[in-house]
Novice: 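One structure is given below, represented as structure tokens, and several questions about it will come after.
Computed over heavy atoms, backbone and side chain alike; hydrogens, waters and symmetry mates excluded. Along the sequence shown, residues are numbered consecutively beginning with 1.
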Amino acid sequence: MSADEIKVKAEAKEAKKANPKEVTIDIATTQMLQKAQADGCETIFDRAVTMKPCNIGEQGTCCKICAQGPCRLPLTKKQAEGSDDRKGLCGATPETIAARNFVRMIAAGTAAHSDHGRGVTEVFLAAARKETNDYQIKDTEKLLEIAPDFGVPTTVLVDGVEQPRDIYEIAVEVGEAAMAQWGQQHGELPLFKRAPEPRYELWKKLGVIPRGIDLSDGWAGAMTATDLQDVLFGTPYPIQGEINLGVLKEDHVNIIVHGHEPLLSEMIVVAAQSPEMIDYAKTKGAKGIVLAGMCCTANEILVRHGMPIAGNYLQQELAIVTGALDAMVVDVQCIMENLANVAKCYHTKIITTNPRCMIESGETTHIEFDEHHALEDGMKIVKAAVDNFPNRKPGAQMIPSAKEKMVVGFSYEAINYHLGGTFRGSFVPLNDNIINGRIRGVAGVVGCNNARSVHDSAHLTLIKELIKNDVIVLTTGCSAMTCGKFGLLTPESAKVYCGPGLAEVCETVGIPPVLHMGSCVDNTRILMAATQVVKAGGLGKDLSDLPAAGAAPEWMSEKAIAIGQYFVASGVYTVFGGTLPVTGAPKFQKHLFEEMEDMYGGKWDLIMDPYEMAAKMIAHIDKKRKALGLDKAKERVLMDMADRQKLDAA
């Protein structure tokens, strides 16, 4: 092949682009991809066409731990059918390599949540010690609820009379007890005792309860983060919001907060709503300020303030492509470095706020967050966005009209309230309806988007199949945003998409069939809801007894693997979609997919097709129903006041 032919071939490859109508089911995403391509702006969707994944890494059998490698051990058809004598330079088998890689992914994902929890704890302590005026203890009821878990008393004896302690004294001791768990060298972490007793005893028997948070997710780092965020910013209760790129407004200053930690975004909410900043925006020709979210920071400000969401992970570049975004403010996790390159095509200012997430590409502005003057930092950021409003490129704006209303904010405390009402908040009604068959079971569907799959498609297909078969869905993260964009987060959707039993329950209680529980770190809310179901009675004694399953159909990050593992270890059948980096190591895969169930009562699975995924999750739920003697639908027994009093007494 001549040099000219090679050049032509290379140019043809570079010109290859994603087909906007084939890579997503979301109309706003399609429209913005078409605009990006017309503007000559490359996105992740285009790169996914030209850059194919490494098939050996996809199998989990590439080892780069030492400088003697990388050692590449692909599973061939011959080895799959005959003897497998693959070895790395040091003699490591593909099983060893895949297992080490898998555990390292869990460790990295766990570290992200652990670091999130530590950052929240530092701000919590600053607020408790009154070292900052920008944060206060908002949810005192939640503080009093969690304090005993950290060994902190909530009352004190004064002259022989028990009196409530000062809220801020309690908060300081809770914060100090929590902070001490990072680096703790002895004992065990206290939040593991929240699990049903049989689960806790199983963990003790297996010797897997961690002594410190540093590399402990789920019942440790993530749960601590959620708890302390609730105390600082308020526990979520149902609130209405809007989602998709149509929430942006051409005649307003548009700001998006993107990432995962709500510490600074809470202050940006205050700053963006301040009369001072709104008046300042008007001096620049804007009618006001729109503050929207992207990824899990979006979920955090949505469930507490009703602030709109512009989109999920794969839409972050496309928000800039609208040409109407004046600033994107990023903290940590799930931030594409290419944001700064896309911003060069338009006028958007990319503002980094965390030293752990700096961006080399393009031009960025860094305004570092400090909890001691958080509101001041928030005001600086909003002012920078307002100052950028006049710099929009003429004729470059195009905001899709697509947006949907949704009801979100279903913490497990909120579910408890809605099910039982003001006078008798309880998970008993949920259990009643699982027992009588109106609700078949519970599914947690969570996780990311992935450019290797059709954006939003697997989430939507799976969840529709589940609710059609009377399985109520608990959701977080980007999956929750998919549900919002396609109208599943409204009570009215129950009669359209649900089976008759689930529809009846949702219409009676007034809740959606899919309950938005928050951000990725808030997956621990699902664990706590499941624990409340066990404690309410009638559905077994452990989490592994429940007619429940979990899924991450479009996962992409190491955090997803960490979350999957703590759900499996909690006794939950957990299905991932797309790929899982263990397929090149059949013995290790068997350990995850079969043997782990013997240890924990939960196991991993990998299913590509969302319809098959739904079928296997429903089959698992039915298996658990049968084990509980609930394989035949039963009529709900109407209870009189005497029956209810007996339940209360119990």
Side-chain angles (χ1 to χ4, degrees), residues 24-30 238-247 299 302-303 306 308-309 311-312 400-410 414-415 418-419 429-430 433-434 436-447 449 454-517 547-549 551 553-554 609-615 617-618 621-622 633 636:
T24 182
I25 60 172
D26 173 52
I27 187 169
T29 300
T30 298
I239 192 171
Q240 190 176 79
E242 288 187 319
I243 186 168
N244 218 337
L245 292 168
V247 302
N299 282 321
L302 167 71
V303 298
I309 291 182
N312 49 14
S401 60
K403 62 180 178 179
E404 289 287 337
K405 292 190 181 298
M406 55 186 175
V407 179
V408 304
F410 288 92
I415 296 173
H418 273 268
L419 288 171
L430 174 62
N433 281 287
I434 294 174
N436 66 35
R438 281 181 173 81
I439 296 177
R440 194 170 193 162
V442 181
V445 184
V446 304
N449 300 132
V454 178
H455 172 230
D456 286 340
S457 179
H459 286 297
L460 186 65
T461 300
L462 171 63
I463 291 170
K464 279 187 173 180
E465 283 296 301
L466 290 170
I467 63 177
K468 183 174 77 175
N469 286 278
D470 292 321
V471 176
I472 192 168
V473 173
L474 311 180
T475 185
T476 63
C478 288
S479 181
M481 297 180 200
T482 298
C483 296
K485 285 187 285 181
F486 290 92
L488 298 183
L489 300 184
T490 64
E492 295 80 11
S493 66
K495 63 182 179 182
V496 178
Y497 297 107
C498 294
L502 180 58
E504 181 183 351
V505 173
C506 290
E507 289 173 19
T508 301
V509 179
I511 59 173
V514 182
L515 302 180
H516 184 310
M517 299 193 78
E554 297 180 32
D609 179 70
Y611 289 102
E612 183 186 350
M613 188 181 292
M617 292 172 72
I618 291 166
I621 286 169
D622 287 346
R636 188 176 186 183

Novice: Distance from Cys498 atom SG to Ile472 atom CD1, nearest 0.5 Å?
Specialist: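 Reported to 0.5 Å precision, the distance equals 8.5 Å.
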Novice: More than 12 non-hydrogen atoms from neighbouring residues, nucleotides or ligands closer than 6.0 Å to CD1 on Ile239, yes or no?
Specialist: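 Enclosed.
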Novice: Minimum heavy-atom separation for Arg440 and Ile621, please, with both atom names.
Specialist: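 Between these two residues, the closest heavy atoms are O-CG2, 3.3 Å.
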Novice: Atom CG of Leu460 and atom CD1 of Ile25: how far apart are they, to the nearest 0.5 Å?
Specialist: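 The CD1 atom of Ile25 is 4.5 Å from CG of Leu460, to the nearest 0.5 Å.
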Novice: Side chains of residues 499-517: which donor-acceptor pairs under 3.5 Å do they make with residues two or more places apart or in other chains?
Specialist:
unit_1 : atom_1 : unit_2 : atom_2 : d
Glu504 : OE1    : Arg438 : NE     : 3.2
Glu504 : OE2    : Arg438 : NE     : 3.3
Thr508 : OG1    : Glu504 : O      : 2.7
His516 : ND1    : Gly518 : N      : 3.2
His516 : NE2    : Asn299 : OD1    : 2.9

Novice: Excluding sequence neighbours, so at least two apart, what forms side chain to side chain contact (heavy atoms under 4.5 Å, CB included) with Thr461?
Specialist: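 In terms of side chain to side chain contact (heavy atoms under 4.5 Å, CB included), with neighbours along the sequence ignored, Thr461 is linked to Ser457, Pro610, Tyr611.
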Novice: How far does OG1 of Thr29 sit from NE2 of His455, to the nearest 0.5 angstrom?
Specialist: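 One finds 4.5 Å between OG1 of Thr29 and NE2 of His455.
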Novice: My understanding is that only residues two or more places apart in sequence, or in another chain, count here; which of them pass side chain to side chain contact (heavy atoms under 4.5 Å, CB included) with Pro238?
Specialist: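 So Pro238 forms a side chain to side chain contact (heavy atoms under 4.5 Å, CB included) with Val407, Phe410, Ala414, His418.
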Novice: With sequence neighbours left out, write down each residue that passes side chain to side chain contact (heavy atoms under 4.5 Å, CB included) with Glu492, or none if nothing qualifies.
Specialist: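 Scan of Glu492 (side chain to side chain contact (heavy atoms under 4.5 Å, CB included), adjacent residues dropped) gives Thr490.
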Novice: Could you tell me the separation between the CE atom of Met613 and the CD1 atom of Ile463, rounded to the nearest 0.5 Å?
Specialist: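 The CE atom of Met613 sits 11.0 Å away from the CD1 atom of Ile463.
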Novice: Only distances under 3.5 Å count here; give the side-chain donor-acceptor pairs of residues 476-485 to other protein atoms, sequence neighbours excluded, each with its distance to 0.1 Å.
Specialist:
unit_1 : atom_1 : unit_2 : atom_2 : d
Thr476 : OG1    : Asn523 : OD1    : 2.7
Ser479 : OG     : Val445 : O      : 3.4
Ser479 : OG     : His459 : ND1    : 3.1
Ser479 : OG     : Thr475 : OG1    : 3.3
Thr482 : OG1    : Asn312 : ND2    : 3.4
Thr482 : OG1    : Asp456 : OD1    : 2.6
Thr482 : OG1    : Cys478 : O      : 3.3
Lys485 : NZ     : Asn312 : OD1    : 3.2
Lys485 : NZ     : Gln315 : OE1    : 2.8
Lys485 : NZ     : Asp456 : OD2    : 2.7

Novice: Looking at every heavy atom in both Ala458 and Glu554, which two are closest together, and how far apart are they?
Specialist: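 Ala458 and Glu554 have their closest heavy atoms at N-OE2, 3.1 Å.
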Novice: Do Val471 and Met617 pass the side chain to side chain contact (heavy atoms under 4.5 Å, CB included) test, and can you show the C-alpha distance, the side-chain angles, and the key distance before you say yes or no?
Specialist: CA-CA 10 Å; Val471 176; Met617 292 172 72; over 6 Å; no
Novice: Using the test side chain to side chain contact (heavy atoms under 4.5 Å, CB included), find all partners of Ala28 that sit at least two apart in sequence or belong to another chain.
Specialist: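 With sequence neighbours excluded, Ala28 shows a side chain to side chain contact (heavy atoms under 4.5 Å, CB included) to Asp26, Asn244, Leu245, Pro400, Ala402, given in chain and number order.
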Novice: With sequence neighbours left out, write down each residue that passes salt bridge (Lys or Arg N to Asp or Glu O under 4.0 Å) with Lys495, or none if nothing qualifies.
Specialist: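 If we apply the salt bridge (Lys or Arg N to Asp or Glu O under 4.0 Å) test to Lys495, skipping adjacent residues, there are no hits.
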Novice: Report the residues that fulfil salt bridge (Lys or Arg N to Asp or Glu O under 4.0 Å) with Asp609, sequence neighbours left out, ordered by chain and then residue number.
Specialist: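 Checked Asp609 against salt bridge (Lys or Arg N to Asp or Glu O under 4.0 Å); zero matches.
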Novice: Quick test of your reading: applying salt bridge (Lys or Arg N to Asp or Glu O under 4.0 Å), list the pairs with at least one residue in residues 458-480, sequence neighbours left out, ordered by first then second residue.
Specialist: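 Every pair satisfying salt bridge (Lys or Arg N to Asp or Glu O under 4.0 Å) with a residue in residues 458-480: Glu465-Lys468.
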Novice: Using the test salt bridge (Lys or Arg N to Asp or Glu O under 4.0 Å), find all partners of Glu404 that sit at least two apart in sequence or belong to another chain.
Specialist: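 For Glu404, no residue satisfies salt bridge (Lys or Arg N to Asp or Glu O under 4.0 Å) once neighbours in sequence are set aside.
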Novice: Work out which heavy atom in Phe486 is nearest to a heavy atom in Tyr497; give both atom names and the distance.
Specialist: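 Minimum heavy-atom separation between Phe486 and Tyr497: O-OH, 4.2 Å.
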